[in-house]
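Reminder, nothing fancy here: chain letters follow the sequence lines and each chain counts from 1.
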Amino acid sequence: MEALLYWAGMAAVAVNAITGVLEAERKHMDMVGAITVATATAIGGGTLRDVLLNREVFWVADQAYLATAIAVAVLTFFWARQRPISEQLFLYPDAVGLALFSVVGAQAALQWHAPWLVASVMGVVTGVFGGVLRDVFCNQVPLIFLPGELYATVAWVGALTLIGLQELGVDGTTAAWVAMAVILVLRAAAIRFRIRLPTFNAPS
Amino acid sequence: MEALLYWAGMAAVAVNAITGVLEAERKHMDMVGAITVATATAIGGGTLRDVLLNREVFWVADQAYLATAIAVAVLTFFWARQRPISEQLFLYPDAVGLALFSVVGAQAALQWHAPWLVASVMGVVTGVFGGVLRDVFCNQVPLIFLPGELYATVAWVGALTLIGLQELGVDGTTAAWVAMAVILVLRAAAIRFRIRLPTFNAPS
Amino acid sequence: MEALLYWAGMAAVAVNAITGVLEAERKHMDMVGAITVATATAIGGGTLRDVLLNREVFWVADQAYLATAIAVAVLTFFWARQRPISEQLFLYPDAVGLALFSVVGAQAALQWHAPWLVASVMGVVTGVFGGVLRDVFCNQVPLIFLPGELYATVAWVGALTLIGLQELGVDGTTAAWVAMAVILVLRAAAIRFRIRLPTFNAPS
C-alpha cells in the first residue's frame with residue numbers, strides 16, 4: 001500500500017507537470033514561467049492538502065518530488081518547442097493524474113485520522129487544486145468552476161468509494177485500485193458522452 | 001464564551017455559504033462549481049487564520065462546519081434556481097456574517113496567544129478572506145480592494161474593540177457582544193450613508 | 001548572522017510595502033485597499049515559506065514586521081497622494097528587496113533542515129511571492145510569469161550561491177553577502193542589457 005501510494009503520487013506529479021507546461025506554452029511564457037507553472041500544477045494539490053492537515057508538506061520532506069516535477073517540466077518545455085503537442089492528447093493522461101492524486105490524497109488524510117467527510121474533500125483538493133493554480137497563474141477562470149464535463153464530482157465519488165470500501169473491511173490496496181478505476185471510467189465516460197451537471201436556468 | 005463563539009462561527013459559515021452560491025449563480029456555474037465557491041467562501045477566512053497561526057484547521061477538527069457549509073449550499077442552489085434571490089436582500093445578513101467572523105477570528109487568535117496587533121489582523125482576515133476567495137474564484141477584483149463603503153475597516157475597528165475591552169478588564173462574553181454590535185452598527189451606517197475612505201487623487 | 005538576517009528581512013518588508021502601495025495607486029484603490037495590498041506584498045513571500053515549512057509564521061511570532069509594513073504603507077500612501085512617485089525609481093530598490101528576501105528565505109529554510117533543492121526554492125518563493133500576490137490582488141497576470149528580464153532566475157542563482165558556498169565551508173555571513181551581491185549585479189545587468197530567457201517559438 002505504501003509503495004503503491006508513493007509511485008502513484010510520483011506518476012501524478014509527472015503527468016501534471018506536463019499539462020502545466022502545455023498551458024504555459026499557450027500563454028507564451030518563458031522557460032522559468034513555464035517551469036514555475038508546471039511545478040505549481042504538479043505539487044499544488046498535495047501541498048494544499050498537507051497545509052490544511054497541518055502536517056509536513058510532502059515535497060519538503062522528500063525532495064524527489066520536486067526534482068521530478070522540475071526535470072519533467074524542462075524536458076517537456078524543450079520537446080514542446082520542437083513539435084507542438086496536442087492538448088487533446090493529454091485529456092486521458094490528465095484523467096490518470098486525477099485518479100492517482102484523488103486516491104493518494106484521500107488515503108493520506110485518512111491515515112492522518114481526518115474524519116471521513118474531511119478525507120473525501122482532501123481527495124478532491126489533492127486531485128483538482130493543481131489545475132486551479134495553473135489556471136489562476138495563467139489568468140483564466142479555473143476550468144472546474146465553469147460548466148463542463150464532470151471533473152471534481154468524479155474525484156469526489158472516487159474518494160468516497162475508497163473510504164467506503166475500507167469502512168466495509170476491504171483492504172487498502174484493493175480499495176485504492178477500485179477507486180482509481182471508478183474515477184478513470186467515470187471521467188472517460190464524461191468526456192466521451194459529454195455528461196454535465198445541472199446549471200442555473202436564469203439567463204441574467 | 002466557548003458556546004457563543006461556536007454558534008457564532010456556525011452561523012457565519014451558513015451565511016457566507018449563501019452569499020457564495022448567489023455569486024456563483026451570477027456566473028452561471030454548475031452545481032459543483034457553486035458548492036465549491038460557497039464552501040470556500042464559508043470556510044476560507046477561518047482556514048487562512050488557522051494556517052497562519054499554525055494550529056489545526058477548525059473544519060478538519062470538527063466536520064460539522066463542512067457539513068453545514070455543503071448542506072446550506074445545496075439547499076440555496078436549488079432554492080435560487082426556483083426563484084432568483086436579490087443580492088440586495090443579503091447585504092445586511094452579510095454584515096452579520098462579517099461581525100460574527102471578525103469577533104470569532106480575533107478571539108481565537110488571542111486564545112492562541114498571538115500579540116494584539118496580530119490578533120486584530122486575524123479578525124479582519126477571518127472576516128473578509130472568504131469573500132476575497134469568492135471573488136478570485138469568480139475572476140473579479142475582490143470587492144474589498146476597490147473603493148466602496150467601509151468594510152475591512154469596520155472589521156478592524158470591531159476586532160480592536162474586542163481586544164481593548166478585554167485588556168481593560170471587561171469579561172470576554174460582554175466584549176464579544178459589544179464588538180459585534182460595533183461592527184453591525186458601523187457597517188449599517190456605512191451602507192446607509194455611503195461612508196468611504198480617502199482615495200488617490202491622481203487621475204492617471 | 002542572526003542580526004544580519006533580521007535587519008535584512010525588516011528592510012525587505014519596508015521596500016516591498018512601498019512597491020505595493022505604488023501598484024495600488026495605479027489601480028485607484030482606497031487607503032485600506034492600498035494598505036492591504038502593501039502588507040500582502042511585504043509579508044507574502046515569507047509567509048508562504050513558513051507555511052510550507054510548517055513552522056511559526058515570522059510576523060505572528062514578532063509583530064514588529066507587521067507594524068513596519070503597515071506604518072510604511074500609510075506613510076507612502078499619503079506621500080504618494082501629494083506627489084506621484086515614478087515606478088521606474090523603484091526598479092533598483094525592488095532589486096534590493098529581491099536580494100534581501102531570497103537570501104533570508106533560503107537561509108531560514110536551511111536552518112530548518114530543509115534539503116538543498118527545497119531550500120533554494122524557498123529562497124525564490126520568499127523573494128518573488130509577495131509580488132505575485134500584489135499582481136493577483138490587482139487582477140493582472142503576475143509579471144514574473146510573463147516574458148521579461150530575468151527575475152526569478154536571478155533569485156534562484158543567488159539562493160544556490162548561498163547554499164553552495166556554505167557547503168564548501170564558507171561561513172554564513174560571508175556567503176549571505178556574496179549571494180546578495182550576485183543577485184543585485186545579475187538583476188541590474190538584466191534590467192540594463194534586457195537579458196531574457198528563451199520563449200516558445202510557436203506563434204499560436
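- Of the listed residues (C:Leu52, C:Thr153, C:Val124), the one with the most heavy-atom contacts under 4.5 Å to chain A is C:Leu52.
- C:Trp116 touches chain A through backbone and side chain together, each having a heavy atom under 4.5 Å away.
- Between the side chain of A:Trp112 and the backbone N or O of A:Arg55, no donor-acceptor pair lies under 3.5 Å.
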(Q) Apply side chain to side chain contact (heavy atoms under 4.5 Å, CB included) to residues C:Leu4 and C:Trp177 and explain how you reach the verdict. (A) CA-CA 9 Å; C:Leu4 172 65; C:Trp177 283 111; 3.5 Å; yes

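- With hydrogens and angles ignored, the 3.5 Å screen pairs a side-chain donor or acceptor of C:Gln166 with a backbone N or O of C:Leu162.
- For A:Gln111, the CD atom sits in a packed shell: over 12 heavy atoms of surrounding residues, nucleotides or ligands are nearer than 6.0 Å.
- With chain C as partner, the option from A:Asn54, A:Thr39, A:Asp50, A:Val51 having the largest number of non-hydrogen pairs under 4.5 angstrom is A:Asn54.
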